[in-house]
Asker: 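Pasting in a structure now, in structure tokens, and then I'll have a few things to ask.
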Amino acid sequence: MKVNKVVIAGVDHTCDIKELEQLKKTYPFIEWGVLLSKHNQGKLRYPNYDWVREFLSSETGGMSAHLCGGYPRDMFEGGDYIYLESLHKKFSAVQMNYNFLKTQGKWRLLNVVRFLRKCNELGLNIIFQNHKDNEPMVDMFEMWDDFRSLNDASGGNGKLIADLPKPKKCYTGYAGGINPDNVEDIINRLQAMEPKDNVWIDLESGVRDKTNNYFDMDKCKLLLERSAKLIN
């Protein structure tokens, strides 16, 4: 497989936007993941609204919206897709951080299908996390237009991905404990696997300070420097 993108999620109001812009110019394969949550916005990993507004107005480009908590619940359980309208002009993809098994009985399949159709209409790529609780849903929609699957047993908690499963039929990502120390090994392992499809790697905790949870720009730069040797 060919790793062609690195998604770094959790950029927040502690990050210098100009520095993020420059990194994107230096490493075009970056996609910045912005975590959006009704109740956590303004906390670490969840940038405050003023910072998000400024970031979206910058020249950074290459951003994905990672919807957490109430946002995916509103869509999958309540059938409310209004929030999507505000995303499509700035973000290229929307990741739904939602566990279908744990919320069994609350989500409705019709709402999920309507969500997928709405994303297609808006030109948004769709990302579902693929783990044991979500795999039946991912298998159901892996051939849907603009659908993507993220193999993620970690959920942003830094749990190392032990196995590298074969990619789904859609564009597939790999997450779980990726950091500057192991990124080269993981990319090499992925690129040694068949088939030769493009895949991406995805991380969050791996570029944060373990003591205070702050985004660590030095770790981020080191990870990108090491990734570039194998991606470019």
Side-chain angles (χ1 to χ4, degrees), residues 1-12 29-37 40 44-46 62-69 71-73 75-76 91-104 107 112 115-116 119 124-142 144 146-183 185-187 189-191 193 197-208 213 215 219-220 223 227:
M1 296 186 287
K2 172 62 178 175
V3 177
N4 70 342
K5 184 171 66 174
V6 175
V7 176
I8 299 179
V11 288
D12 59 27
F29 56 80
I30 301 172
E31 180 176 289
W32 300 117
V34 181
L35 275 62
L36 300 172
S37 167
N40 290 322
L44 291 177
R45 303 193 189 209
Y46 301 88
M63 306 176 197
S64 55
H66 296 221
L67 304 190
C68 311
Y71 290 127
R73 286 199 299 270
M75 296 176 203
F76 294 153
F91 295 101
S92 60
V94 56
Q95 176 172 311
M96 305 302 281
N97 293 343
Y98 186 85
N99 187 304
F100 287 96
L101 181 63
K102 289 184 178 178
T103 53
Q104 190 79 36
W107 57 270
V112 177
F115 162 79
L116 296 173
C119 286
L124 280 167
N125 293 303
I126 309 139
I127 306 167
F128 280 8
Q129 293 169 308
N130 182 39
H131 43 69
K132 61 182 179 62
D133 291 351
N134 280 4
E135 190 160 23
M137 187 64 73
V138 171
D139 288 344
M140 188 182 300
F141 293 110
E142 63 179 328
W144 190 279
D146 302 320
F147 187 85
R148 301 175 177 185
S149 169
L150 174 63
N151 290 313
D152 183 14
S154 175
N157 294 313
K159 180 182 177 183
L160 184 63
I161 183 170
D163 299 315
L164 298 175
K166 291 183 179 180
K168 293 294 185 179
K169 295 175 183 177
C170 57
Y171 186 33
T172 301
Y174 292 82
I178 301 172
N179 60 57
D181 294 331
N182 63 24
V183 66
D185 176 62
I186 289 173
I187 292 176
R189 287 169 60 197
L190 286 169
Q191 297 194 149
M193 292 172 60
D197 298 336
N198 285 334
V199 296
W200 85 90
I201 59 170
D202 194 295
L203 60 130
E204 187 177 326
S205 296
V207 291
R208 305 195 80 87
N213 197 29
F215 191 94
K219 282 186 178 181
C220 179
L223 180 134
S227 299

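In this chain, residues are counted from 1 in sequence order. Please read these numbers as outputs of a predicted model, since none were measured by experiment.
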Asker: Could you list the residues that satisfy side-chain contact (heavy atoms from CB on, under 4.5 Å) with Asn97, not counting sequence neighbours?
Answerer: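 Partners of Asn97 by the side-chain contact (heavy atoms from CB on, under 4.5 Å) criterion, ordered by chain and then number, come out as His66, Cys68, Gln95, Gln129.
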
Asker: For residues Arg148 and Ala93, report the shortest heavy-atom separation together with the two atoms involved.
Answerer: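 Distance-wise, the nearest heavy atoms are NH1-CB, 4.5 Å.
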
Asker: Are there over 12 heavy-atom neighbours, none belonging to Asp185, within less than 6.0 Å of that residue's CG?
Answerer: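 Yes, because the 6.0 Å sphere around CG of Asp185 holds more than 12 heavy atoms from other groups.
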
Asker: Say you draw a straight line from CG of Asp152 to CG of Leu203; how long is it, rounded to the nearest 0.5 Å?
Answerer: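 Spacing of CG (Asp152) from CG (Leu203) equals 11.0 Å.
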
Asker: Quick one: does any side-chain atom of Thr103 pair with a main-chain N or O of Leu101 as donor and acceptor, under 3.5 Å?
Answerer: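 No, the answer is negative, given that no donor and acceptor are paired below the 3.5 Å cut-off.
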
Asker: Judged by atom type as modelled, is there a donor-acceptor pair below 3.5 Å linking the side chain of Ser92 to the main-chain atoms of Met63?
Answerer: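 Yes; at least one donor-acceptor contact below 3.5 Å.
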
Asker: Identify, with sequence neighbours excluded, every residue that meets side chain to side chain donor-acceptor pair (under 3.5 Å) alongside Tyr171.
Answerer: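 Only Asn4 meet the side chain to side chain donor-acceptor pair (under 3.5 Å) criterion with Tyr171.
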
Asker: Please report the closest heavy-atom contact between Cys220 and Trp32, naming both atoms and the distance.
Answerer: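 Minimum heavy-atom contact is SG-CH2, 4.0 Å.
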
Asker: Would you say Asp146 and Cys119 make side-chain contact, with heavy atoms under 4.5 Å?
Answerer: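 Answer no - side chains too far apart.
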
Asker: Can you name the salt bridge (charged side-chain N to carboxylate O under 4.0 Å, His left out) partners of Asp139, sequence neighbours left out?
Answerer: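 In terms of salt bridge (charged side-chain N to carboxylate O under 4.0 Å, His left out), with neighbours along the sequence ignored, Asp139 is linked to Lys168.
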
Asker: Could you measure the distance from the CZ atom of Phe215 to the OG atom of Ser205? Nearest 0.5 Å is fine.
Answerer: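 Output value for this atom pair is 11.5 Å.
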
Asker: Supply the atom-to-atom distance Ile201 CD1 to Ile187 CD1, rounded to the nearest 0.5 angstrom.
Answerer: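 Ile201 atom CD1 to Ile187 atom CD1 measures 4.0 Å (nearest 0.5 Å).
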
Asker: Lys132: what forms a side-chain contact (heavy atoms from CB on, under 4.5 Å) with it, not counting sequence neighbours?
Answerer: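 Listed in chain order: nothing, the list is empty.
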
Asker: Compare every heavy atom of Tyr174 with every heavy atom of Pro167, then report the nearest pair and how far apart it is.
Answerer: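 Closest pair (atom of Pro167, atom of Tyr174, distance): N-OH, 3.3 Å.
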
Asker: With rounding to the nearest 0.5 angstrom, report the CE to CG distance, Met75 to Leu116.
Answerer: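 If we round to the nearest 0.5 Å, Met75:CE and Leu116:CG are 11.5 Å apart.
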
Asker: According to salt bridge (charged side-chain N to carboxylate O under 4.0 Å, His left out), who are the partners of Lys219, at least two apart in sequence or on a separate chain?
Answerer: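 Here no residue qualifies.
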
Asker: Side chain to side chain contact (heavy atoms under 4.5 Å, CB included) for Leu223 and Val6? Distances and angles first, verdict last.
Answerer: CA-CA 10 Å; Leu223 180 134; Val6 175; 4.1 Å; yes

Asker: Is the Phe147 to Trp144 ring centre distance short of 6.0 Å?
Answerer: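 Aromatic pair excluded; centres sit 6.0 Å or further apart.
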
Asker: Excluding sequence neighbours, so at least two apart, what forms ring-ring contact (aromatic ring centres under 6.0 Å, His included) with Phe76?
Answerer: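 Once residues adjacent in sequence are excluded, the partners of Phe76 under the ring-ring contact (aromatic ring centres under 6.0 Å, His included) criterion are Tyr98, Phe100, Phe115, Phe128.
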
Asker: Measure the CG-CZ distance between Leu67 and Phe91 for me, rounded to the nearest 0.5 Å.
Answerer: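 It is 8.5 Å, given to the nearest 0.5 Å.
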
Asker: What's the shortest heavy-atom distance between Pro165 and Asp163, and which atoms?
Answerer: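 Smallest interatomic distance, heavy atoms only, reads CD-O, 3.2 Å.
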
Asker: Are more than 12 heavy atoms from other residues, nucleotides or ligands located less than 6.0 Å from atom NZ of Lys2?
Answerer: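 Count over threshold, so yes.
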
Asker: Under the salt bridge (charged side-chain N to carboxylate O under 4.0 Å, His left out) test, which residues partner Asp197, sequence neighbours left out?
Answerer: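 In terms of salt bridge (charged side-chain N to carboxylate O under 4.0 Å, His left out), with neighbours along the sequence ignored, Asp197 is linked to no residue.
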
Asker: Considering residues at least two apart in sequence or located in another chain, which fulfil the side-chain contact (heavy atoms from CB on, under 4.5 Å) criterion with Asn182?
Answerer: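 Scan of Asn182 (side-chain contact (heavy atoms from CB on, under 4.5 Å), adjacent residues dropped) gives Leu160, Ile178, Asn179, Ile186.
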
Asker: Between Pro180 and Gly206, which heavy-atom pair has the shortest distance, and what is it?
Answerer: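 For Pro180 and Gly206, the tightest heavy-atom pair comes out as CD-O, 3.4 Å.
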
Asker: Carefully, step by step, assess Phe141 and Ile126 under the rule side chain to side chain contact (heavy atoms under 4.5 Å, CB included).
Answerer: CA-CA 10 Å; Phe141 293 110; Ile126 309 139; over 6 Å; no

Asker: Taking side-chain contact (heavy atoms from CB on, under 4.5 Å) as the test, write out the residues that go with Leu44, two or more places apart.
Answerer: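 Asp12, Thr14, Arg208, Asn213, Tyr214.
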
Asker: Kindly write out the residues that satisfy side chain to side chain donor-acceptor pair (under 3.5 Å) with Asn198, not counting sequence neighbours, or none if the list is empty.
Answerer: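 If we apply the side chain to side chain donor-acceptor pair (under 3.5 Å) test to Asn198, skipping adjacent residues, there are no hits.
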
Asker: Go through Met1 and Leu164 one step at a time and tell me if the side chain to side chain contact (heavy atoms under 4.5 Å, CB included) criterion holds.
Answerer: CA-CA 11 Å; Met1 296 186 287; Leu164 298 175; 6.0 Å; no

Asker: If the condition is salt bridge (charged side-chain N to carboxylate O under 4.0 Å, His left out), which residues does Glu142 pass it with, not counting sequence neighbours?
Answerer: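 With neighbours one apart ignored, the set is empty.
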
Asker: Atom OG of Ser64 and atom CG of Leu150: how far apart are they, to the nearest 0.5 Å?
Answerer: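 Those atoms lie 10.0 Å apart.
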
